[in-house]
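Here's the structure we're looking at; comments come further down.
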Amino acid sequence: MTWDWSFFLQDKGDGQTYLAWMMSAWGRTLLVSGFALVVALVSGSIMGIFRTTPIKALVWIGNAWTELFRNIPLLVQIFLWYHVIPSIWKGLQSVPDFIAVVVALGVFTSARISEQVKAGIQALPRGQRYAGLAMGLTLPQTYRFVLLPMAFRIVIPPLTSESMNIIKNSSVAFAVSITELTFFAMQAQEETSRGIEIYLAVTFLYFISAFAVNRVAAVIEKKARVPGMIGGGGK
């Protein structure tokens with residue numbers, strides 16, 4: 001079989017080339033991934049903090065959130081947010097499909113981030129918590145000014161992995177017809193029968209997206225590294 005990359009410059013019938021369609025799909029993939037990462041970081045961090053507090057009700061909420069969302073497959077969660085929840089709460093039927101995918105992907109990833117934030121806080125010496133409280137700080141202030149700045153530096157490597165995973169997991173958005181890279185690849189392959197070229201191009205875009213996240217995170221990790229806390233720390 002002879003490869004032919006020139007078809008990317010062909011008009012697909014609506015005044016747009018396949019290359020332009022692919023770039024638009026790539027942009028949608030990055031948007032879904034970016035917004036889902038924000039949802040995951042915020043909700044996952046909150047739940048991770050809840051799970052390390054001495055308040056039993058908050059620990060229960062954090063554990064319940066984590067166990068619920070990490071034990072339901074991502075594709076099932078997308079269908080739940082897309083089909084089931086709007087049918088229960090009629091006011092959500094007007095919510096764009098894009099939002100449903102972002103929320104599903106975000107809360108799915110938040111369960112994993114919750115574990116990492118919890119581990120980062122527990123990796124710190126317990127004396128830091130006690131010292132903050134002894135200085136007159138409230139529990140929220142102790143987390144904000146003492147524990148979290150150190151804990152987040154420790155968990156940058158696993159957070160990098162989750163950021164890369166979000167980009168890859170965004171491919172399931174094709175199931176609800178979000179025009180991201182995987183959806184583009186399936187549709188363009190059907191129209192052109194150039195599956196090899198299309199999937200190679202899409203694979204390359206997924207790779208450079210994840211690789212760019214990895215390199216940016218590596219720079220952040222280097223600048224935020226905590227001396228003496230590499231690989232964890234004692235209690």
Side-chain angles (χ1 to χ4, degrees), residues 1-41 44 72-83 95-110 112-113 156-223:
M1 177 180 294
T2 303
W3 291 4
D4 180 14
W5 298 92
S6 63
F7 83 93
F8 275 109
L9 301 178
Q10 297 175 4
D11 190 325
K12 67 185 187 71
D14 59 358
Q16 185 182 45
T17 64
Y18 284 99
L19 178 61
W21 186 16
M22 184 174 68
M23 292 297 102
S24 175
W26 187 24
R28 185 62 61 89
T29 291
L30 297 178
L31 279 176
V32 168
S33 303
F35 283 115
L37 180 60
V38 173
V39 173
L41 287 173
I72 301 176
L74 175 57
L75 189 57
V76 174
Q77 291 193 39
I78 285 180
F79 286 141
L80 285 173
W81 286 98
Y82 185 78
H83 294 294
V95 174
D97 302 345
F98 177 87
I99 300 299
V101 172
V102 165
V103 172
L105 183 56
V107 297
F108 173 80
T109 308
S110 73
R112 300 172 61 88
I113 291 178
I156 287 176
L159 290 181
T160 300
S161 297
E162 293 309 322
S163 301
M164 296 168 66
N165 285 337
I166 277 185
I167 293 175
K168 293 179 286 185
N169 289 338
S170 68
S171 62
V172 300
F174 84 91
V176 291
S177 300
I178 298 295
T179 310
E180 43 72 60
L181 281 174
T182 299
F183 183 89
F184 157 78
M186 297 172 64
Q187 293 295 313
Q189 193 274 334
E190 289 183 5
E191 293 181 12
T192 65
S193 298
R194 309 304 303 187
I196 293 177
E197 295 91 332
I198 290 170
Y199 281 103
L200 282 175
V202 166
T203 298
F204 177 71
L205 292 179
Y206 275 121
F207 169 77
I208 63 174
S209 300
F211 184 75
V213 169
N214 179 275
R215 291 298 87 204
V216 170
V219 173
I220 296 174
E221 179 186 358
K222 183 177 180 180
K223 292 183 178 296

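Within the 4.5 Å cutoff, the side chain of Leu205 has heavy atoms near those of the Met23 side chain. Side-chain contact between Thr17 and Phe8 is absent, with no heavy atoms from C-beta onward closer than 4.5 Å. Side-chain contact between Val39 and Val103 is absent, with no heavy atoms from C-beta onward closer than 4.5 Å. Counting heavy atoms from C-beta outward, Met22 and Leu19 have side chains that approach closer than 4.5 Å. Side-chain contact check for Asp97 versus Tyr82: some heavy-atom pair is nearer than 4.5 Å. In this structure the side chain of Arg194 never reaches within 4.5 angstrom of the side chain of Tyr18, judged on heavy atoms.
The distance from atom CD of Gln187 to atom OG of Ser177, rounded to the nearest 0.5 Å, is 8.0 Å. Note that CG of Leu37 is 11.5 Å distant from OG of Ser170, once rounded to the nearest 0.5 Å. The distance from atom CZ of Phe207 to atom OG1 of Thr203, rounded to the nearest 0.5 Å, is 11.0 Å. Atoms CD1 and CD, on Ile167 and Glu180 in that order, are 12.5 Å from each other to the nearest 0.5 Å. The structure places CG of Leu31 at 11.0 Å from CD1 of Ile178, a figure rounded to the nearest 0.5 Å. The distance from atom OG of Ser33 to atom CE of Met164, rounded to the nearest 0.5 Å, is 12.0 Å.
Nearest heavy atoms, Ala104 versus Leu74: O-CD1, 3.9 Å. Closest approach of Ile198 and Ala185 over heavy atoms only: CG2-CA, 3.6 Å. What you find for Ala40 and Ile166 is that their closest heavy atoms are CB-CD1, 4.3 Å. The two atoms that bring Asp4 and Glu197 nearest to each other are N-OE2, 2.8 Å, heavy atoms only. Considering all non-hydrogen atoms of both residues, Thr160 and Asn214 come closest at CG2-CA, 4.0 Å.
In terms of the salt bridge (Lys or Arg N to Asp or Glu O under 4.0 Å) criterion, Arg28 has no residue partners (sequence neighbours excluded). Judged as a side-chain hydrogen bond (donor to acceptor under 3.5 Å, both in side chains), and not counting sequence neighbours, the contacts of Trp26 are Ser209. Here Asn169 pairs with nothing under the side-chain hydrogen bond (donor to acceptor under 3.5 Å, both in side chains) rule; sequence neighbours left out.
Between the Asn165 side chain and the Ser161 main chain, a donor and an acceptor come within less than 3.5 Å of each other. With Ser24 contributing its side chain and Trp21 its backbone, the two residues share no donor-acceptor pair below 3.5 Å. The backbone N or O of Ile72 sits less than 3.5 Å from a side-chain atom of Gln77, completing a donor-acceptor pair. Without hydrogens or angle criteria, Ser163 side chain to Leu159 main chain gives a donor-acceptor distance under 3.5 Å.
No more than 12 heavy atoms of other residues, nucleotides or ligands sit less than 6.0 Å from atom CZ of Phe35.
Judged by distance alone, the side chains of Tyr206 and Thr29 never bring a donor and an acceptor atom under 3.5 Å apart.
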Pair Val176, Phe79 - check side chain to side chain contact (heavy atoms under 4.5 Å, CB included), show working. CA-CA 8 Å; Val176 291; Phe79 286 141; 4.2 Å; yes

